[in-house]
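Residue numbers start from 1 in every chain, and the chains themselves are labelled A, B, ... in the order their sequence lines are given, proteins ahead of strands.
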Amino acid sequence: MSMEKEPVSGRTIHPVKYYRDFLAQNVRPDGRSLQTFRPVSINVGSIKTAEGSAIVKIGNTTVVCGIKAELAKPKAEEPNFGYLVPNVELPPLCSPKFRPGPPSDQAQVSSNFIAETLTNSRCIDLRDLCIVSEHLAWVLHCDLICLDHDGSLLDACVIALVAALRTVELPHVLYDAEAEKTVVSAEKRSKLKVHSEPVATTYTIFDDEILLTDPTNEEESLSSGIMTVVVQGDKLCSVHKPGGSPLTDAQLQECINGAMKRAEHINKLINTALKSHET
Amino acid sequence: MPTDSRRLQGPENTTAYTLYLPNSKSYNDLVGEIITSDEKRKDGRKLYEQRRIFVKTGVISQAKGSAYLEQNNTKVVCSVFDPREIPRKSDYSVNGELYCEFKFAPFSCIKWRSHQPDTQEKECSLILRRALEPAVCRHEFPNFQVDVYALVLENDGSALAASITCAGLALADASVPMYDLVVAATLGIHGDKKFMDPSVEEEFLCNIPPPDGKSCNHGIITAAFSPAHQQLSEFTQSGAMDIDCVTSSIQLLREACETIYPLSQHCILKSVTKMLKKKQTETKLDLNSDRIAC
């Protein structure tokens with residue numbers, strides 16, 4: 001069986017020019033306009049071994065979030081705080097760009113971004129995770145695995161994480177400090193309190209001037225700059241712009257407004273997914 | 001566990017909360033839960049009945065070939081990439097290589113697993129490679145390696161066999177030249193009972209020898225099969241059992257694989273028909289419209 005030969009086209013020889021021709025007509029090769037977002041689909045609670053789980057698809061980009069709860073002693077310097085440990089994994093499974101071995105730079109940057117988003121948005125109060133001060137606290141391992149990397153990775157990660165956190169149900173724990181005995185009752189469970197719902201939106205800058213919303217992998221690799229805006233409710237949470245082409249004030253404001261509108265839509269989607277999971 | 005400086009670390013000593021659940025079951029309770037008196041298992045299956053399988057190919061857009069398999073609650077996704085250069089290799093080899101990686105997602109098992117592959121996962125990667133190598137035409141891509149990555153999203157027993165079947169499908173979906181599709185099945189043995197396609201609780205039971213001493217047979221056997229050539233490509237056994245037990249198990253596993261094989265074939269047939277239909281519509285459109293000039 002011979003490998004099929006791809007017809008030689010502009011897309012492979014000169015991708016930037018191929019894109020420029022489309023953008024001159026205010027449209028992208030996949031048919032979207034410059035401001036259209038890809039369809040998002042969310043599914044929660046499908047992984048029974050995890051305390052909370054969510055699978056999010058933005059176009060082709062797929063991210064799975066699984067949350068496992070364990071018990072540990074709180075840190076000496078923060079005796080009534082639990083632990084929340086997020087980690088983004090970009091396995092070689094998801095794209096030919098990644099090779100097996102230790103986490104790539106992109107994975108480390110994404111993990112840090114998620115950790116900062118959780119702290120900045122005050123999504124989870126770590127004091128809620130403490131069971132008995134100085135003795136016992138919950139550790140929530142939030143593992144985000146990318147199954148398919150087609151751009152807008154951070155958007156999908158944040159949505160998956162928030163959706164999964166909202167499904168987490170922690171069992172009741174009784175701790176006897178004198179006897180140092182712990183008893184867990186798996187039947188009585190209480191939902192984790194999620195105080196805010198951050199939503200991230202990614203934009204790329206093409207040719208130093210054109211703003212593209214929700215880029216695919218191809219668009220991200222051809223762009224001259226990338227930016228992610230995190231919004232919660234009607235407040236701006238953070239803007240992550242690692243280098244790249246400069247933006248004007250007006251463009252930045254446009255991005256923030258677009259992110260706010262999208263956040264409403266995404267939150268409605270998450271609520272629908274959660275409701276159908278409960279029934 | 002060496003600290004991984006590239007990942008965000010939780011506290012060093014964590015314990016799973018399942019250790020502190022109040023009721024610890026006795027052996028008889030455990031057996032009673034798993035199999036009722038009239039030889040029916042917890043989920044209603046008979047002893048030699050397999051769970052229903054759902055397979056789909058072409059699930060990962062960035063990979064050359066991919067497949068997703070669900071066997072009740074066990075969920076496995078596998079992706080295969082085009083032949084690439086073998087890293088760290090200077091001399092020429094007449095046969096291509098197959099690089100396989102098997103991984104449990106951290107949230108896939110009852111206990112949280114770390115991100116770094118442990119010895120069990122490394123052993124399973126080796127088993128995966130041994131199962132798939134005989135079926136791949138390695139002389140077709142000399143000096144290159146084909147990467148196969150399998151990720152278990154949820155483990156409800158028989159994860160390794162499910163990964164082998166899934167990887168076989170993903171390789172076929174990636175148009176890697178093969179002699180045959182590979183399918184695999186698992187058998188759990190405990191005393192005189194044999195469980196086909198065990199769930200996680202049944203696997204746990206099969207790893208402990210029966211205490212009454214009548215027969216010490218216990219263990220789990222995973223076997224991979226190429227039905228078209230009637231060849232066993234991989235056979236892994238854990239635990240301890242008589243030789244008669246092993247020989248009768250091979251027969252059972254062979255029959256199980258023969259039942260799964262038509263499912264794999266049907267799945268590949270569907271994806272090939274879909275691709276041909278898509279090519280047909282694309283050529284029709286090309287004849288009518290102008291191509292964008294480069």
- Message: Which residues in residues 130-142 of chain A have any heavy atom closer than 4.5 Å to a heavy atom of chain B?
- Response: Trp138(A), Val139(A), His141(A)
- When rounded to the nearest 0.5 angstrom, what distance separates NZ in Lys48(A) from CG in Asn72(B)? 10.5 Å
- Residues of residues 147-155 of chain B under 4.5 Å from chain A (heavy atom pairs)? Asp147(B), Tyr149(B), Leu151(B), Leu153(B), Glu154(B), Asn155(B)
- Query: So which part of Val200(B) gets closer than 4.5 Å to some heavy atom of chain A, the side chain, the backbone, both or neither?
  - Reply: neither
- Task: Side-chain contact test, heavy atoms from C-beta onward, threshold under 4.5 Å: evaluate it for Phe107(B) versus Ile145(A) and give yes or no.
- Result: yes
- Note on the structure: Among residues 147-154 of chain A, those lying within the under-4.5 Å heavy-atom range of chain B are Leu147(A), Asp148(A), His149(A), Asp150(A)
- Task: Step through the shown structure and confirm whether more than 12 heavy atoms of other residues, nucleotides or ligands are within 6.0 Å of CZ on Phe204(B).
- Result: no
- Query: Between Val85(A) and chain B, which part of the residue has a heavy atom less than 4.5 Å away: side chain, backbone, both or neither?
  - Reply: side chain
- So, the side chain of Lys68(A) versus the backbone of Arg113(B): is there a donor-acceptor pair under 3.5 Å, distance only? no
- Task: Calculate, to the nearest 0.5 Å, the distance between atoms CD1 and CH2 belonging to Ile67(A) and Trp112(B) respectively.
- Result: 13.5 Å
- Item | Tyr17(B) to Pro171(A) - nearest heavy-atom pair and separation | CE1-CG, 3.7 Å
- How about residues 71-81 of chain A versus chain B: which residues have heavy atoms under 4.5 Å apart? Leu71(A), Ala72(A)
- Message: Test side chain to side chain contact (heavy atoms under 4.5 Å, CB included) on Val173(A) and Tyr20(B); report intermediate values, then the result.
- Response: CA-CA 9 Å; Val173(A) 180; Tyr20(B) 301 115; over 6 Å; no
- Side chain from CB out, backbone as N, CA, C, O: work out which of these in Cys78(B) comes under 4.5 Å of a heavy atom of chain A, or both, or neither. backbone
- Task: Decide yes or no on side chain to side chain contact (heavy atoms under 4.5 Å, CB included) for Phe98(A) and Gln62(B), but give the supporting numbers first.
- Result: CA-CA 11 Å; Phe98(A) 306 113; Gln62(B) 302 292 305; over 6 Å; no
- Item | Heavy atoms of other groups near Lys97(A) NZ, more than 12 under 6.0 Å | yes
- Message: Which one wins on heavy-atom pair count under 4.5 Å against chain B: Thr62(A), Asn60(A), Asp143(A)?
- Response: Asp143(A)
- Query: What part of Ile47(A) lies closer than 4.5 angstrom to a heavy atom of chain B: side chain, backbone, both or neither?
  - Reply: both
- Could you check Glu70(A) against Thr15(B) for side chain to side chain contact (heavy atoms under 4.5 Å, CB included), going step by step and ending with a plain yes or no? CA-CA 6 Å; Glu70(A) 289 191 312; Thr15(B) 45; over 6 Å; no
- Is the shortest heavy-atom distance from the side chain of Arg7(B) to the side chain of Ser111(A) under 4.5 Å? no
- Query: Does the side chain of His115(B) come within less than 4.5 Å of Asn87(A)'s, by heavy atoms?
  - Reply: yes
- Task: Select, from Lys103(B), Lys75(B), Arg84(B), the one with the greatest count of heavy-atom pairs under 4.5 Å involving chain A.
- Result: Arg84(B)
- Item | Interface moiety of Arg99(A) toward chain B, non-hydrogen atoms closer than 4.5 Å | side chain
- Task: Check whether more than 12 heavy atoms from other residues, nucleotides or ligands sit under 6.0 Å from atom CZ of Arg32(A), and answer yes or no.
- Result: yes
- Can you find a pair of side-chain heavy atoms, one from Pro86(A) and one from Leu8(B), that are under 4.5 Å apart? yes
- Message: Measuring only between side-chain heavy atoms, which start at C-beta, is Tyr99(B) closer than 4.5 Å to Pro100(A)?
- Response: yes
